[in-house]
Protein chains: 2
Amino acid sequence: LRRLLLTVRYIGTAYHGWQIQKNAVTVQSVLQDALAKTLDEEITVHGCSRTDAGVHALTYCLHFDTESQIPEKGIVMMLNRYLPDDIAALDCRAVPDDFHAQYSCKGKLYEYRIYTGSIRDPFRHSLCWHYPYKLDAQLMDRAARHIVGRKDFRAFCATGGNTEDTVRNVTHVSVRTEGDETVVSVAADGFLYNMVRIIVGTLVYVSQGKIAEDELPRIIESRDRTRAGITAPPCGLCLSKVFYEGCDGNG
Amino acid sequence: LRRLLLTVRYIGTAYHGWQIQKNAVTVQSVLQDALAKTLDEEITVHGCSRTDAGVHALTYCLHFDTESQIPEKGIVMMLNRYLPDDIAALDCRAVPDDFHAQYSCKGKLYEYRIYTGSIRDPFRHSLCWHYPYKLDAQLMDRAARHIVGRKDFRAFCATGGNTEDTVRNVTHVSVRTEGDETVVSVAADGFLYNMVRIIVGTLVYVSQGKIAEDELPRIIESRDRTRAGITAPPCGLCLSKVFYEGCDGNG
């Protein structure tokens, strides 16, 4: 029995998120089917996180155990023949038996893209939130610094998430302009349900003047979801990097 | 009656090309339906070119006549509500009665993107030709210079095209590297059926050593399609600019 770490990339538009569900096509179910064909055995995969419906991944890591003797490179090649065009296998490597894609993960980096052009752009439709107004990226970036640190982020957690412990360590938040896109980057040791999308919605509220730049510490302290901004739509969100001890799972 | 020049952008993946057809969804049919709803009258549009199935347009121009008094800006806004996500109206302006999107057109610029990464990339799947080998962009660029000029391009015209006059004036061809993409740009006063895709396939043959760099003038002189390279797939092709006297139709 070998434990393998597989890195994949996908456009999430056509999927009901990562996690397997009854009566819905998910990235996990498609990957398990393709792995079963590749390895000729039933495979259960364990992902590094549950991404929501419509969210993308530049780098997504998962592990599984197999009895197959096919070399790692061969698995990547065969898998890419069974996977649809919007999911690709990038890398496969052997890992120790106690490695776990979720529990061994040291942190993740998400990027959120907002397209601010006045007219919608078909080339960016499924990869950006179209917000056709000006955004003050410098102001948003200054406000974002209040989010960095080990804090209780319950105010940035969607109700319905049943997490007991809402303390997370946010190691990096920044907002930059790339042409007519505003890009929000958030790295943390872990994320609450909808956390990045609520951070983005809150920073957009800051740019709109609905929330003052220095109000963020009090919003976090309040642990009150209703004081933060809207939940930005899923299409702009992309899991960009996944960090592990010793290897970063990024191929 | 007003004649209007409309500029649109689209991802061609879901369409059977520009031109209206029976039993197939085309960009023209979708646009005519959206215009009919916007202007509350039957509209026939005249496009600047027939793009093939799967080909994209960053800038596509068309004209039509309307009795409607709705201002140009309002037409763009309303149209974008009726159009699907993969087609967007960018600009609308009044033009003289003798303007014609195709016959008044002075030239067009196409760009063709080849993704040369070893593993396929879902983020580029519908916008690039995935050719997972090295390309020598400098060699291709040198070979491409032989194509520039007013010449008979029958060797670069798909059989089945029923054009009598196969002389066109190619004003620019270049090949550049952008990260792990090779981009071929071709501008001309007009294009034959599949001409850009055959030019790209021929330049890839040059990089592969199947056609020598200095063989291109003789291939063109031969007027023999079988001496040129393959027809590159449609997904990498994008109509980028459309030129008119006085205005360039690019918004």
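Just so we're on the same page: letters track the sequence lines, and every chain starts at 1. The structure displayed is predicted, hence computed values, not measured ones.
At a threshold of 4.5 Å between non-hydrogen side-chain atoms, the residues Arg124(A) and Arg113(A) do not count as touching. The side-chain heavy atoms of Glu245(B) and Ser104(B), taken from C-beta on, include no pair separated by under 4.5 Å.
Ile87(A) touches chain B through its backbone: at least one of N, CA, C or O sits under 4.5 Å from a heavy atom, while the side chain does not. Interface residue Leu127(B): only side-chain heavy atoms are found under 4.5 Å from chain A.
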Ring pair (Phe, Tyr, Trp, His ring centres under 6.0 Å) between Tyr10(A) and Tyr15(A), intermediate numbers included: CA-CA 10 Å; Tyr10(A) 58 84; Tyr15(A) 300 97; 7.1 Å; no
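Here Arg120(A) is the residue among Arg120(A), His125(A), Arg9(A) with the most heavy-atom pairs under 4.5 Å with chain B. Contact count against chain A (heavy-atom pairs under 4.5 Å) is highest for Asp85(B) among Ile119(B), Asp85(B), Asp86(B).
Classification of the His56(B)-Phe123(A) ring pair by plane angle, with boundaries at 30° and 60°, yields perpendicular.
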